[in-house]
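Keep in mind that what you see is a predicted model, and the values were worked out from it rather than measured. Letters A, B, ... mirror the listed sequences (proteins, then strands); counts begin at 1.
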Amino acid sequence: MLIQPSTYKQQSCLVEYIRTGNDIALSQLKGINRKGIHYYRELVFNILWDTINNAYPIMTNFLSEDKMKELTYDFLKNHKCQSYKVWEISKEFKDYFIKNKKQFIKKYPFIKDLLLLEWIEIEFFMMKDIESIPFNNTGNFLKDKIILNPEIHILSLNYPVHKKHPREISENDKDNYFLLLYRHPTTKKVIFTEINILTIKIIELLYYEPMNLDEILNLLIKRNIIIDKKQIESFIYQAYKNGIILGFSKNINRKKINENKKIFKSN
Amino acid sequence: MIGIGYRKDFAEEWANKPDDLKVDFIEVAPENWIDVGGYWKRLFLEKLEQYPLFLHGLSLSIGSPDTLDRKFLKKLKFFIKETNANVYSEHLSFSKFDNAHLHDLLPIPFTEDAIKHVSYKIKQVQEYLERPLVIENVSYYSPLAAEMTEIEFINAILKESNCLLLLDVNNVYVNSFNHHYNAKEFIQQLPKDKIYYIHIAGHLLVSEDLIIDTHGEDIIDPVYELLEFTLDWLKKPVPILLERDFNIPSLKDLQKEINQIRSIYNKTILNTTSYANSTFNL
């Protein structure tokens, strides 16, 4: 490092003032225009606030803007943002909040789920494309392998934050809720849909290996899962219509499937 | 060549109405597009097929005491290659300290040791990316422990690091107002051969003695005049980019600003030189 300790100290005090508003740090700065230095604190705060406010509109509405601003100042003061991507500040805010704001989580046990839901929508919208294995748009799901949309995720929640405003949620609502989250193959919009255990099992099977309907049924029976063939057929038909299933294939390149799994895990 | 800073805020409108905004190139911050997929990537790729790309970074933090983020540089190098970007520029400022990103452009102390430190880091970046770095003069709202003037600091960095200059005429205007110097005299002291391209933008007068470089307003006439003065003095064709990050107007209104910039460019450069077909690859 070619920077001298005196220059380092000036930069350090400037950053400390911006992050904490500490007047002692401000008083250490040499040759400054105080009004200008105040603006730096405001500008840095505004970047965080704009990002957090846009990422968590329901949480902001629930806790109030003033409370969220207070939390943002606290985040600025105590957290060192690690990502060079501005949009990822929201993820760091979520993680910081969950780790450090236990009193909020105790008072509002659903708030963790709310943060997770609001963040994951952004993450899914922004994330890198995941290439699908080759498929045909038309096929016969009784005979052909069913190709699942690789841009898919199952989210498990304890509170129904996806369908109730936080003010309406009580401890009586505590349960297991499963959401299927996926990026639509055509519009690229992020879609949530609540799903049941049977649907999760089918999606898990298709995620690990494309298969046709008979193969799905056989595997479910082997696992002692009670099935209704008509219900599964209906799910597959709907899933195809909604972009959860992309299409069909007669021949599967196993190498390609494994490559895709690596990509999915790395995200 | 007149370009626009490509922003997500108007990407959808521009995709739907491509004729509402006609430019020669686009510029993005790589940090906002690295590893981005889905809807935004699709729109971005459409524009990449139509326009040359310049990159204008935000997080390199060339002026911070921290060492360079090698993981970021690796991603950046891949992104430059992947997008076939013509230029990579950054800010003469710092935005990271003690391993924490501040996500804003903070002023570097104008000191001798900072010149050595920043120049060393610029050389490292240039060596790694295998291309010259184009460094932008930034707006600053307060000096910090300055031992010399801004122009002395910038010129020393350009000389010592052998990088190029992205001259932001709005930033010169803002700084000349905030720190009471003559903008034209400032520009005339810059080395012409180092000026690679120009940025222009709007700003906000927040009090009688302070302007903030918001990129959220229309360009004011004195800044257009400063652009004309600069091009007249420079006497060489350089790409010019309009930056608009907030309060984004309709594409037609952006086009009006582009047209005004183009008219100044045509008046000062195109009519007096024979560089109409110049290219700007680094």
Side-chain angles (χ1 to χ4, degrees), chain A residues 1-16 18-19 28-48 50-51 76 79-89 92 124-131 151 183-184 187-190 267, chain B residues 29-32 34-42 57-61 63-67 69 72 75 94-109 111-121 140-147 178-179 206-207 209-210 212 214 246:
Chain A
M1 189 169 78
L2 298 166
I3 286 278
Q4 295 296 312
S6 55
T7 304
Y8 181 93
K9 190 181 173 193
Q10 288 298 301
Q11 291 183 281
S12 171
C13 288
L14 174 62
V15 169
E16 190 185 339
I18 288 169
R19 290 184 60 194
Q28 305 280 310
L29 297 175
K30 291 179 184 161
I32 56 162
N33 169 345
R34 282 197 171 223
K35 193 199 271 185
I37 295 290
H38 292 316
Y39 266 99
Y40 280 114
R41 176 158 160 78
E42 203 172 297
L43 291 168
V44 170
F45 172 80
N46 285 342
I47 290 167
L48 296 189
D50 284 348
T51 310
L76 171 62
H79 176 76
K80 291 181 175 180
C81 281
Q82 293 299 295
S83 177
Y84 55 84
K85 300 172 188 170
V86 170
W87 66 274
E88 284 186 352
I89 290 171
E92 294 189 32
F124 240 68
F125 192 66
M126 297 294 282
M127 73 177 183
K128 251 164 110 167
D129 293 339
I130 303 171
E131 199 189 338
E151 295 180 337
R183 194 149 71 179
H184 192 278
T187 65
K188 296 291 177 187
K189 302 272 165 158
V190 179
N267 280 282
Chain B
E31 292 84 353
N32 293 340
I34 285 174
D35 289 342
V36 168
Y39 184 66
W40 293 128
K41 188 181 178 186
R42 180 188 288 176
L58 295 167
S59 69
L60 187 66
S61 196
S64 71
D66 303 45
T67 53
D69 180 345
F72 166 69
K75 284 263 184 194
F94 75 105
S95 56
K96 189 181 178 190
F97 188 88
D98 192 20
N99 200 29
H101 285 279
L102 277 299
H103 296 290
D104 202 6
L105 308 171
L106 307 180
I108 306 171
T111 61
E112 289 291 345
D113 58 317
I115 292 169
K116 288 192 179 73
H117 178 74
V118 171
S119 301
Y120 176 69
K121 284 177 78 176
Y140 65 107
Y141 312 121
S142 167
L144 180 63
E147 293 170 356
N178 289 344
H179 309 296
V206 292
S207 66
D209 57 354
L210 189 67
I212 301 288
T214 54
F246 302 102

- Item | Residue part contacting chain B, namely of A/Tyr84, when any heavy atom lies under 4.5 Å | both

- Residue selection (most heavy-atom pairs with chain A, distance under 4.5 Å) from B/Asp69, B/Val206, B/Asn178, B/Thr111: B/Val206

- Heavy-atom contact with chain A under 4.5 Å, split by part of B/Pro109: side chain

- Find the one option among B/Ser59, B/Ala146, B/Pro30, B/Pro107 whose heavy-atom pairs under 4.5 Å with chain A are most numerous. B/Pro107

- Query: Would you call B/Arg42-A/Asp129 a salt bridge at under 4.0 Å N-O?
  - Reply: no

- Message: Please tell me whether A/Tyr40 and B/Tyr140 form a close aromatic pair, meaning their ring centres lie under 6.0 Å apart.
- Response: no

- Item | Heavy-atom contact with chain B under 4.5 Å, split by part of A/Val44 | both

- Task: Return the option, out of B/Glu112, B/Glu147, B/His103, with the maximum number of heavy-atom pairs under 4.5 Å with chain A.
- Result: B/His103

- Any side-chain heavy atom of A/Lys85 within less than 4.5 Å of one from B/Asp35? yes

- Query: If you measure from CZ on A/Arg19 to CG on A/Leu48, what distance do you get to the nearest 0.5 Å?
  - Reply: 9.5 Å

- Query: Checking heavy atoms, do the side chain of A/Ile47, its backbone, both or neither come under 4.5 Å from chain B?
  - Reply: side chain

- The reported gap from CG in B/Leu58 to CG in B/Asn32 (rounded to nearest 0.5 angstrom) is 6.0 Å

- Of the listed A/Leu76, A/Thr51, A/Leu43, A/Leu29, the one with the largest count of heavy-atom pairs under 4.5 Å with chain B is A/Leu43

- Where on B/Lys116 is there a heavy atom nearer than 4.5 Å to chain A: the side chain, the backbone, both, or neither? both

- Task: Could you have a look at B/Leu102, B/Ile212, B/Leu144 and say which one has the most heavy-atom pairs with chain A under 4.5 angstrom?
- Result: B/Leu144

- Query: So what's closer than 4.5 Å to chain A heavy atoms on B/Thr67: side chain, backbone, both or neither?
  - Reply: neither

- Task: Look up atom NZ in B/Lys121 and atom OG in B/Ser61, then write down how far apart they are to the nearest 0.5 Å.
- Result: 5.5 Å

- Query: Checking A/Gln82 side chain against B/Asn99 main chain: does a donor-acceptor pair fall under 3.5 Å?
  - Reply: yes

- Query: What part of A/Ser83 is in contact with chain B, defined as an atom under 4.5 angstrom from a non-hydrogen atom: side chain, backbone, both or neither?
  - Reply: backbone

- Given a strict heavy-atom distance threshold of 4.5 Å, which part of A/Leu14 is in contact with chain B: side chain, backbone, both, or neither? side chain

- Please work out whether the ring planes of A/Phe125 and B/Trp40 are parallel, tilted or perpendicular, with thresholds of 30° and 60°. perpendicular

- Task: Drop me the distance from A/Lys30's NZ to A/Cys13's SG, to the nearest 0.5 angstrom.
- Result: 9.5 Å

- Query: Side chain, backbone, both or neither: which part of A/Thr187 has a non-hydrogen atom closer than 4.5 Å to chain B?
  - Reply: backbone

- Do B/Ser119 side-chain atoms and B/Ile115 backbone N/O form a donor-acceptor pair below 3.5 Å? yes

- Note on the structure: Okay, A/Arg34 and chain B: the region with an atom under 4.5 Å from a heavy atom over there is neither

